[in-house]
Amino acid sequence: MEDGGTSGSGDGIAVWDRNTGHIRTFSDADGLPGKPVPTVFAEDRGGDIWAGLYHGGLVRYRHGRFTLFGEDQGVRGFLQTLFVDTAGRLWVGTKRCLLRVDDPTAERPHFTTYGTAQGLSSDDVAALTEDRWGRIYAATGRGIDRFEPQPAGLGRIQRYT
């Protein structure tokens, strides 16, 4: 199954099924809130698909259904990027914070929030990547922050301006 999103047509999220050759459009009956416009996608180690929504929130597609994660779970701000690192963690960059999910395959994933209070240069995280040593690079509104994730936080942060 391939994933995809549509913008402007109002169709929300659809998938093309290679076996049938048909496109399936998802709806609120599948757990989607209305007709969302996805902005970013990622696939976790368990094969679940994550999508950031234009009007807020994050959805996970697993076992044929979508689950919405929003303000109640700590997902806030416009989602700009999703990244799964080599340790299997899901990172979510938003206009208002950086989120980390240590086990995105959990039935109820836990979102840890990071921002300037935890040492980032900015709460606005537009892009994420990782180097071969497992260090995460976050492109923020004030430059690039590099850190080595620790169980209790981000670890030492190096700023590049």
Side-chain angles (χ1 to χ4, degrees), residues 3-14 26-28 30-46 48-62 65-130 135-161:
D3 61 32
T6 59
S7 178
S9 67
D11 289 339
I13 297 176
F26 294 100
S27 69
D28 56 351
D30 302 297
L32 280 177
K35 292 201 180 258
V37 177
T39 57
V40 291
F41 290 95
E43 182 177 2
D44 66 28
R45 284 188 171 176
D48 299 331
I49 302 296
W50 293 81
L53 305 179
Y54 180 76
H55 294 292
L58 178 67
V59 292
R60 177 178 62 183
Y61 182 71
R62 89 186 307 193
R65 293 216 26 96
F66 287 91
T67 302
L68 174 67
F69 302 96
E71 293 269 345
D72 291 346
Q73 292 79 28
V75 179
R76 59 188 206 276
F78 178 78
L79 277 71
Q80 302 186 101
T81 187
L82 297 174
F83 180 73
V84 177
D85 67 16
T86 56
R89 295 174 292 229
L90 174 69
W91 296 88
V92 182
T94 81
K95 291 288 249 177
R96 295 176 53 196
C97 65
L98 172 65
L99 299 167
R100 179 173 95 177
V101 180
D102 288 333
D103 183 6
T105 64
E107 186 64 33
R108 294 186 182 175
H110 174 73
F111 294 85
T112 304
T113 304
Y114 301 104
T116 55
Q118 289 76 34
L120 289 178
S121 297
S122 170
D123 292 331
D124 182 357
V125 179
L128 295 159
T129 194
E130 178 182 26
R135 297 177 296 201
I136 302 294
Y137 293 79
T140 76
R142 291 198 170 111
I144 297 173
D145 289 345
R146 180 185 77 190
F147 52 88
E148 298 178 37
Q150 306 294 315
L154 298 177
R156 187 177 72 84
I157 298 172
Q158 174 69 46
R159 289 185 177 79
Y160 299 94
T161 60

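Residue indices begin at 1 and follow the sequence shown.
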Residues L90 and A42: closest non-hydrogen pair is CD1-CB, 4.4 Å
On a heavy-atom basis, the closest approach of P109 and R60 is CG-NH1, 3.8 Å
How would you list, by chain and number, every residue that makes a side chain to side chain donor-acceptor pair (under 3.5 Å) with [X], sequence neighbours excluded?
| X | result |
| --- | --- |
| D28 | none |
| Y114 | none |
| E130 | T86 |

Could you go through residues 66-83 and list every donor-acceptor pair under 3.5 Å that involves a side-chain atom there, pairing it with any protein atom two or more places apart or in another chain?
from, atom 1, to, atom 2, distance (Å)
Q73, OE1, G70, N, 2.7
Q80, NE2, D124, OD1, 2.7
Q80, NE2, V125, O, 3.0

Just verifying a value: how many Å separate [X] [atom1] and [Y] [atom2], rounded to the nearest 0.5 Å?
| X | Y | atom1 | atom2 | value |
| --- | --- | --- | --- | --- |
| D85 | R45 | CG | CZ | 7.5 Å |
| T129 | I136 | OG1 | CD1 | 7.5 Å |
| H110 | D103 | NE2 | CG | 12.0 Å |
| D123 | R142 | CG | CZ | 8.5 Å |

### Query
Hey, does the side chain of D145 reach the backbone of A138 with a donor-acceptor pair shorter than 3.5 angstrom?
no
For the backbone of L32 and the side chain of D30, can you confirm whether one donor and one acceptor N or O come within less than 3.5 Å of each other? no
Below 3.5 Å, can you tabulate the donor-acceptor pairs from side chains in residues 153-161 to any protein atom, sequence neighbours excluded?
from, atom 1, to, atom 2, distance (Å)
R159, NE, S121, OG, 2.8
R159, NH2, G119, O, 2.4
Y160, OH, R146, NH1, 3.0

Original post:
Do the non-hydrogen side-chain atoms of L98 and F147 ever get within less than 4.5 Å of each other?
Top reply: yes
Side-chain donor-acceptor contacts of residues 48-58 below 3.5 Å, not counting sequence neighbours, with atom names and distances?
from, atom 1, to, atom 2, distance (Å)
D48, OD2, R62, NE, 3.2
W50, NE1, D44, OD2, 2.9

